[in-house]
Each structure stands twice: as C-alpha cells, then as structure tokens.
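Notes follow once the structure below has been shown.
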Amino acid sequence: MKKRQSDSLTYLYSMRKLIKENDQSAIDHLIDGYKFPSIMKDFHRKNQLLLKKKMGQDN
C-alpha cells in the first residue's frame, strides 16, 4: 500500500513538472511502467487535463 501511495505521488509530481516544462512526449511516457498502460491511457489523459486546469494552464 505504501509503495502504491509513493508511486502515485511520484506520478503526480512528475506530471506537474512536465506540464510546467510543456514536455508532452515525457508526459505520454509516464504510464509506460504500469502493468496496463493501454487501459490507463484515458485516466492518464484526464489526470493531465485536471492538473493543467488546477495549474491554470487549461488552454
């Protein structure tokens, strides 16, 4: 449980950093290490949109 929590925080911090850097390619690869990246794509895209909105970059 702690590893999953740590992985999730790392994912969010990385996503936030990459959004600031406008590095879409790296953002797209954030889920590569997960077991089911094809299933996760929609959740990943929604996470990106939500974080952009919260960061005021929802253009």
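Small disclaimer: the values here were computed from a predicted structure and weren't measured.
Checked by atom type, the side-chain pair D7/Y34 shows no donor-acceptor distance below 3.5 Å.
Contact record, D32 with D28: OD1-O, 4.2 Å, taken as the closest heavy-atom pair. The minimum heavy-atom distance linking K20 with M55 is given by the pair CG-CE, 3.4 Å. Nearest approach of Q24 to K52, heavy atoms of both residues: OE1-NZ, 4.3 Å.
Annotation: D42, atom CG; neighbour count of heavy atoms from other residues, nucleotides and ligands within 6.0 Å is above 12. For CD of E21, the number of neighbouring non-hydrogen atoms (other residues, nucleotides, ligands) closer than 6.0 Å is greater than 12.
Between Q57 atom CD and Q48 atom CD the span is 10.5 Å, to the nearest 0.5 Å. With values rounded to the nearest 0.5 angstrom, L51 atom CG is found 15.0 Å from K46 atom NZ. In this structure, M40 CE and N47 CG are separated by 7.5 Å, a value rounded to the nearest 0.5 Å.
Residues H44 and I27 meet the side-chain proximity criterion, which asks for heavy atoms closer than 4.5 Å. Between H29 and S25, some side-chain heavy-atom pair lies under the 4.5 Å cut-off. In this structure the side chain of I31 never reaches within 4.5 angstrom of the side chain of F43, judged on heavy atoms.
Within the 3.5 Å criterion, the main-chain N or O of R4 finds a donor-acceptor partner in the side chain of S8.
Residues L12 and I19 share a hydrophobic cluster, clusters being chains of Ile/Leu/Val/Met/Phe/Trp/Tyr side chains in contact below 4.5 Å.
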